[in-house]
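The basis for the numbers below is simple: all heavy atoms, side chains too, and nothing from hydrogens, waters or symmetry mates.
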Amino acid sequence: MYLELSVLYLYSYLAGSVPTAYLIARLVKGIDIREYGSGNVGGSNVIRQLGKRWAFPLAGIEFVLKGLSPVIFAYFLAAQVPGLEQTSLPFLLSPLIALAGNNWSVFLGLQGGRGLMVVCGMLIALAPLLFLVAITIYLVGWRVSKSSAVWALIAVLLLPVLPHLSGGVLAIGWPSIWSAVVADSSFQSLPAQSVAMSWFGLAIVGLVVSKRVMSNTLRFPADTSRGRVLLNRMIHDRDVEDRENWVDRAPDKS
């Protein structure tokens, strides 16, 4: 059991650590994306620096490799390792470790992205109904307010709450859905799934918020107070309030 879990966790971290956005930027434009725009090794910065078409291969790799594959690997092991169920801590650690790898990649000196696309892949694999509700909240909020960072944060903060508000229905996973469809039975163990997914959502909040606050550097702008920078990072996912100056940054070549 311990060997199988060790392999699962090692795979999850290394898969999550693959610096997809960094590699695409290097291959396409020959730049270190951490030195441009927001400095984030993720989708929004790739779109800004390389164009929208590169968001599709990035999203595909992030979803499948980092979000889906650690969960699929855990499902595969669950058939062989006693007690490795979707609601168990050893199972849920796998996607969380992948998210940590994305945010603090061993290949980038513990720098990385914010992990939102990875979170989407994880939720699709673990709790598809929860994903649908969370992504709907994000998209509607973004559409109305035009503030992606704020509504991404709100959607993430709701992840520990939504399973309870729904009576556990939003926490159900594919095995329960499949069993209910095939056997024409009601969903089983909703309380257990609700509690497990709430704790899982809380762990996601911790990883995402920690990355926002830490960013990829602990350096602070000289003309902005540290408290203001931390607040900007938390709410707007950037160090300063002026978005255009932030996303258009580039290294000084002089």
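To the nearest 0.5 Å, atoms CG (Leu8) and CG (Leu93) are separated by 9.0 Å. With rounding to the nearest 0.5 angstrom, the CH2 atom of Trp151 is 6.5 Å from the OG atom of Ser145. Remark: Asp32 CG to Arg26 CZ distance equals 5.0 Å, nearest 0.5 Å. Annotation: the span from Leu50 atom CG to Leu27 atom CG amounts to 10.5 Å, rounded to 0.5 Å. A distance of 11.5 Å separates CG of Asn103 from CZ of Arg212, quoted to the nearest 0.5 Å. Remark: Leu202 CG to Leu157 CG distance equals 10.0 Å, nearest 0.5 Å.
Not a single donor-acceptor pair under 3.5 Å links the side chain of Arg233 to the backbone N or O of Arg238. Side chain of Lys66 to main chain of Val18: a donor-acceptor pair is present (N/O by atom type, distance under 3.5 Å, no hydrogens or angles). Of the possible polar contacts, one joining the Ser105 side chain to the Ser17 backbone as a donor-acceptor pair under 3.5 Å is found.
Nearest approach of Pro160 to Ser198, heavy atoms of both residues: O-OG, 3.0 Å. When every heavy atom of Val46 is checked against every heavy atom of Ala21, the shortest pair comes out as CG2-CB, 3.5 Å. Heavy atoms only, all atoms of each residue included: Leu58 and Gly42 are closest at CD2-C, 3.9 Å. The minimum heavy-atom distance between Ile172 and Pro128, with the atom names listed, is O-CD, 3.8 Å. Closest heavy-atom contact between Ala196 and Thr87: CB-O, 3.6 Å. Leu159 and Ala134 get closest at one heavy-atom pair: CD2-CB, 3.9 Å.
Note: the hydrophobic cluster containing Val205 also contains Val208 (ILVMFWY, side chain heavy atoms under 4.5 Å, direct or indirect links). Linking ILVMFWY side-chain heavy atoms closer than 4.5 Å, directly or via other members, places Leu139 and Ile137 in a single hydrophobic cluster. Residues Leu170 and Val140 fall into different hydrophobic clusters, defined by Ile, Leu, Val, Met, Phe, Trp and Tyr side chains chained together at heavy-atom separations under 4.5 Å. The same ILVMFWY cluster, assembled from side-chain heavy atoms under 4.5 Å apart, contains both Leu99 and Ile72. Linking ILVMFWY side-chain heavy atoms closer than 4.5 Å, directly or via other members, places Met117 and Ile154 in a single hydrophobic cluster.
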Start with the C-alpha distance between Phe76 and Leu84, add both sets of side-chain angles, then the distance that settles side chain to side chain contact (heavy atoms under 4.5 Å, CB included), and finish with yes or no. CA-CA 10 Å; Phe76 173 76; Leu84 190 63; over 6 Å; no

Show the numbers, then the answer: is there a side chain to side chain contact (heavy atoms under 4.5 Å, CB included) between Asn102 and Lys211? CA-CA 10 Å; Asn102 176 84; Lys211 185 59 186 180; over 6 Å; no

Pair Gln111, Val41 - check side chain to side chain contact (heavy atoms under 4.5 Å, CB included), show working. CA-CA 8 Å; Gln111 296 182 340; Val41 191; 5.5 Å; no

For Phe91 and Leu126, what are the C-alpha separation, side-chain angles and deciding distance, and is it a side chain to side chain contact (heavy atoms under 4.5 Å, CB included)? CA-CA 11 Å; Phe91 188 106; Leu126 287 169; 3.6 Å; yes

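By the 4.5 Å heavy-atom criterion applied to side chains, Met122 and Phe200 are counted as neighbours. Under the 4.5 Å side-chain criterion, counting only non-hydrogen atoms from C-beta, Pro70 is not in contact with Tyr9. The closest side-chain heavy-atom distance from Leu153 to Val209 is below 4.5 Å. Two residues are said to be in side-chain contact when any heavy atoms from C-beta on lie closer than 4.5 Å; Trp104 and Ser210 meet this criterion.
Looking at residues two or more places apart in sequence or on another chain, you find a side-chain hydrogen bond (donor to acceptor under 3.5 Å, both in side chains) between Ser69 and Tyr11.
Identified under the side chain to side chain donor-acceptor pair (under 3.5 Å) test for residues 115-142, with sequence neighbours left out: Tyr138-Ser148.
Aromatic rings of Tyr22 and Phe107 (six-membered ring for Trp) have centroids beyond the 6.0 Å cut-off, not under it.
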